[in-house]
Amino acid sequence: MHELSIAQALVEQVEAVIRTHHALRASLIRVRVGPLAGVVPELLAHAFPLAAAGSRMEHAELALVKAPVRVLCERCGAESEAAMNRLLCAECGDWHTRIVSGDELLLESVELETAASPSPAS
């Protein structure tokens with residue numbers, strides 16, 4: 001289960017974001033996962049709480065956003081969606097394509113909680 005090591009790397013990356021922005025903690029972590037990334041999203045979702053235990057994102061929601069498989073045809077130049085195991089151009093049917101989406105595993109965004117500003121004295 002390499003998803004645990006991926007979750008640990010995600011925790012380190014989010015911790016760096018928290019430090020950079022001087023935040024208290026993360027409340028929502030959005031990760032974009034393509035079907036060709038070699039990651040099982042369900043296993044990553046199960047591994048994340050273990051990796052985040054005791055950290056400043058322990059209670060954060062992990063949102064996994066599915067990325068579609070998209071290819072760019074080298075023959076006709078069209079960009080289209082493709083099936084995971086059939087990377088053909090949807091326009092001309094050629095197999096000379098390049099993957100432009102679907103193999104990514106990206107930290108898309110992090111929502112942070114910061115210290116509340118002190119209220120003005122009344």
Side-chain angles (χ1 to χ4, degrees):
M1 180 167 132
H2 74 283
E3 281 77 3
L4 181 57
S5 61
I6 292 170
Q8 290 168 330
L10 177 63
V11 166
E12 290 175 13
Q13 194 173 8
V14 173
E15 184 62 37
V17 171
I18 292 170
R19 271 195 314 273
T20 299
H21 295 280
H22 307 288
L24 296 175
R25 65 187 68 84
S27 58
L28 174 63
I29 301 164
R30 197 170 274 119
V31 176
R32 187 173 177 88
V33 183
L36 303 174
V39 174
V40 179
E42 294 80 13
L43 294 179
L44 181 58
H46 286 346
F48 180 74
L50 296 173
S55 72
R56 293 193 285 177
M57 66 213 74
E58 182 173 17
H59 302 292
E61 177 186 347
L62 178 65
L64 299 174
V65 180
K66 293 181 180 178
V69 176
R70 295 194 61 81
V71 294
L72 176 66
C73 181
E74 294 178 359
R75 181 173 178 213
C76 72
E79 184 176 316
S80 59
E81 279 201 32
M84 192 170 110
N85 57 355
R86 196 166 165 84
L87 304 175
L88 302 177
C89 175
E91 295 296 320
C92 70
D94 195 81
W95 60 273
H96 293 96
T97 58
R98 183 170 44 96
I99 296 170
V100 294
S101 172
D103 60 347
E104 65 268 53
L105 176 62
L106 299 172
L107 175 58
E108 194 170 79
S109 65
V110 179
E111 287 185 17
L112 300 171
E113 293 180 20
T114 57
S117 302
S119 60
S122 50

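- Atom OG1 of T97 sits about 11.5 Å away from atom CZ of R86, to the nearest 0.5 Å.
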Acceptor/donor pairs from residues 28-45 side chains to any protein atom, 3.5 angstrom cut, sequence neighbours excluded:
from: R30; atom 1: NH1; to: S109; atom 2: OG; distance (Å): 3.4
from: R32; atom 1: NE; to: E104; atom 2: OE2; distance (Å): 3.3

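- The shortest non-hydrogen separation linking I18 to A26 is CD1-N, 3.7 Å.
- Taking hydrophobic clusters as Ile, Leu, Val, Met, Phe, Trp and Tyr residues chained together by side-chain heavy-atom distances below 4.5 Å, L88 does not share a cluster with M84.
- Within the 3.5 Å criterion, the main-chain N or O of A23 finds a donor-acceptor partner in the side chain of R56.
- Distance CG/L10 to CD/E3: 12.5 Å, rounded to 0.5 Å.
- V11 and V17 fall within the same hydrophobic cluster, defined by Ile, Leu, Val, Met, Phe, Trp and Tyr side-chain heavy atoms under 4.5 Å apart, directly or through other members.
- In plain terms, the two heavy atoms of C73 and C92 that are nearest each other are SG-SG, 3.6 Å.
- Summarising the geometry, atom CG belonging to L24 is positioned 6.5 Å from atom OG1 belonging to T114; distances are rounded to the nearest 0.5 Å.
- To the nearest 0.5 Å, atom CG of residue D103 and atom CZ of residue R70 are 13.5 Å apart.
- C89 approaches C76 most closely through the heavy-atom pair SG-SG, 3.6 Å.
- The side-chain hydrogen bond (donor to acceptor under 3.5 Å, both in side chains) test applied to R75 returns no partner, not counting sequence neighbours.
- To the nearest 0.5 Å, atom OG of residue S55 and atom CD of residue Q8 are 11.5 Å apart.
- Of all heavy-atom pairs spanning F48 and A60, the tightest one is CE2-O, 4.2 Å.
- From L112, atom CG reaches atom NE2 of H21 across 6.5 Å, with rounding to the nearest 0.5 Å.
- Both L62 and L107 are part of a single hydrophobic cluster, where members link through side-chain heavy atoms under 4.5 Å apart.
- Using a 4.5 Å cut-off between side-chain heavy atoms of Ile, Leu, Val, Met, Phe, Trp and Tyr, with links allowed through other members, V14 and L105 fall into the same hydrophobic cluster.
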